[in-house]
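Input: one structure, supplied below.
Lettering follows sequence order; numbering is per chain, from 1. Since this is a predicted model, take the numbers as computed values, not measurements.
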2 protein chains.
Amino acid sequence: MSKILVFGHKNPDTDTIASAIAFDYYLEKLGYDSEAVALGEPNEETAYALEHFNIEAPRIIETAANEVSQVALVDHNEPQQSVNDIKDVEVTYVIDHHRINGFETAHPLYYRAEPIGSTASVLYKMFEEKDFDIPSAVAGMMLSAIISDTLLLKSPTTTQEDEKIAYRLAKIAEVNLEEYGLDLLKAGTNLSSKSAEELLNSDSKVFDMHGHQVQIAQINTVDFADVTSRKEEIIEAVNATLINSDVELFVVLVTDILENNSFAYVVGQNMDAVETAFQQQVFDQEIQLPGVVSRKKQIVPQLTDALEG
Amino acid sequence: MSKILVFGHKNPDTDTIASAIAFDYYLEKLGYDSEAVALGEPNEETAYALEHFNIEAPRIIETAANEVSQVALVDHNEPQQSVNDIKDVEVTYVIDHHRINGFETAHPLYYRAEPIGSTASVLYKMFEEKDFDIPSAVAGMMLSAIISDTLLLKSPTTTQEDEKIAYRLAKIAEVNLEEYGLDLLKAGTNLSSKSAEELLNSDSKVFDMHGHQVQIAQINTVDFADVTSRKEEIIEAVNATLINSDVELFVVLVTDILENNSFAYVVGQNMDAVETAFQQQVFDQEIQLPGVVSRKKQIVPQLTDALEG
């Protein structure tokens with residue numbers, strides 16, 4: 001059997017890296033020759049988890065077709081979020097927890113998505129169905145993925161299943177969920193060491209919304225002032241990425257992970273759609289998003305609807 | 001909780017009807033208010049199975065949004081194969097075994113597809129994972145679906161899982177797999193009673209292949225002569241459907257289910273793509289397809305590739 005590369009989305013977050021590692025392990029248990037790789041460097045939060053559980057960061061690839069003919073996608077399906085030459089390889093597996101958009105295959109495939117807190121939670125269920133043991137370090141990474149995606153089980157994307165799975169994984173990984181969880185989240189909020197470009201890229205995705213290309217970056221913080229003090233620099237960096245890009249609208253979602261609250265900087269076209277989507281006015285390229293923490297559940301569907309027609 | 005309608009594709013086959021019935025049952029076990037419906041009358045094969053297991057044919061719907069806001073799709077995902085107003089409802093579940101094409105959601109959803117012989121086989125695994133019992137009549141319908149889609153476990157789409165599942169379902173349904181299977185398949189090959197239009201519609205799907213609309217009807221028979229004697233009438237009926245249609249190419253796949261062999265009538269544009277796809281020449285609107293029995297595995301990917309670029 002020829003080799004399968006397993007990877008998550010561009011600008012990888014903890015769920016993407018952890019799910020690639022976990023699904024690679026799962027495929028090998030099924031008898032496949034597979035390798036977990038990544039489409040970029042781990043962010044600081046992910047690096048903290050990798051170090052804590054003593055796992056090496058996956059090798060970074062730019063293209064896939066030069067190495068393999070088949071790939072497995074985790075934590076994403078939209079082609080613009082995937083490897084650049086995604087059209088030149090066959091996708092045989094997708095494990096995900098996002099909307100489906102622009103994803104197409106010529107052949108039947110294995111596709112497993114559930115509307116739950118993290119891709120790692122879906123994978124946990126798959127391990128359980130097959131009665132596969134999860135090694136402690138892999139469990140630690142999967143737990144980190146759930147903590148990261150659900151902001152320690154507080155995001156509205158969190159389900160009872162995620163909660164139950166997180167406690168089981170914490171046991172296998174031998175960590176205290178709350179204590180480790182807060183340390184992990186804080187590891188991702190050290191913003192002062194990062195350039196504005198790094199802030200924008202560390203968790204950024206492009207979405208096709210009825211033909212409009214919309215980029216949404218999310219910055220987690222424990223203090224809004226760490227971001228607001230750099231507003232000018234951030235907006236300038238956004239403007240720079242918009243040159244020579246087909247992105248029409250760029251949303252920088254800034255989330256206080258302790259208060260579970262957000263605001264956003266918005267740059268580009270379609271400000272009226274932004275205001276319609278969130279029932280708030282944009283002042284000076286800024287919009288308040290009280291109670292919002294989830295890009296997937298509280299930003300993407302609303303903006304997609306507002307950009308229709 | 002508001003009601004969910006569960007349905008398969010247009011021109012329903014046995015897998016589509018049986019999977020709607022089985023998934024409706026599954027959703028009700030999960031506590032949902034759901035109803036299995038259909039986008040057309042059962043064909044003769046499906047009618048035979050429904051009568052054998054004493055199950056009523058699902059109610060036929062034309063549109064969904066007038067009744068519900070959420071739907072579950074089984075045995076398909078491509079919008080042109082679905083209910084006409086699919087864009088006006090939210091798809092919350094898909095259970096399938098086909099390629100993914102043109103399917104889009106704004107929200108995360110439950111999507112479960114596997115590259116195996118029938119949607120009913122995927123559903124069987126889901127029942128097993130939840131430890132849900134399958135009532136004898138539902139098991140009989142699921143078995144009929146596997147027999148129909150795999151031509152009694154002989155199509156190249158058949159996996160070891162389908163085989164194992166079929167034997168288990170036959171036990172629950174209290175039928176002899178081979179005997180019941182042959183009776184079921186033969187029930188679908190009574191062609192003489194059908195008009196050419198009925199022959200074309202009983203198992204017909206439209207595929208978007210790189211922007212080309214391709215319709216592929218499959219007619220099962222135990223004797224090619226039952227079809228070849230009506231060639232002129234069939235081609236005429238195809239030509240009639242092509243008027244006022246955006247379908248460019250119509251393939252009528254005729255399969256001998258005892259010999260596991262096919263030929264096809266091809267009408268419309270892109271004959272060169274047809275010849276490239278199957279490495280055979282088209283003579284007098286007819287192409288030989290030795291060893292072909294599966295539209296999904298032996299026709300759609302090859303034609304899709306040939307129509308690219």
- Query: Does atom NZ of K29(A) have more than 12 heavy-atom neighbours from other groups under 6.0 Å away?
  - Reply: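 Atom NZ in K29(A) is crowded, with more than 12 foreign heavy atoms closer than 6.0 Å.
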- Item | Interchain contact, H107(A) with chain B, by part (heavy-atom threshold 4.5 Å) | both
- Between T304(B) and A106(A), what is the shortest heavy-atom contact and its length? CG2-CB, 4.4 Å
- Please walk me through it: do R112(B) and R112(A) pass side-chain contact (heavy atoms from CB on, under 4.5 Å)? CA-CA 5 Å; R112(B) 176 84 174 247; R112(A) 176 83 175 250; 2.9 Å; yes
- Task: Working to the nearest 0.5 Å, report the span between CD of E104(B) and CE of M209(A).
- Result: 12.0 Å
- Message: Keeping T105(A) on the side-chain end and I100(B) on the backbone end, is there a donor-acceptor pair under 3.5 Å?
- Response: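 Here the side-chain-to-backbone pair exists.
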- K154(A), NZ: over 12 other non-hydrogen atoms inside 6.0 angstrom: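 Yes, because the 6.0 Å sphere around NZ of K154(A) holds more than 12 heavy atoms from other groups.
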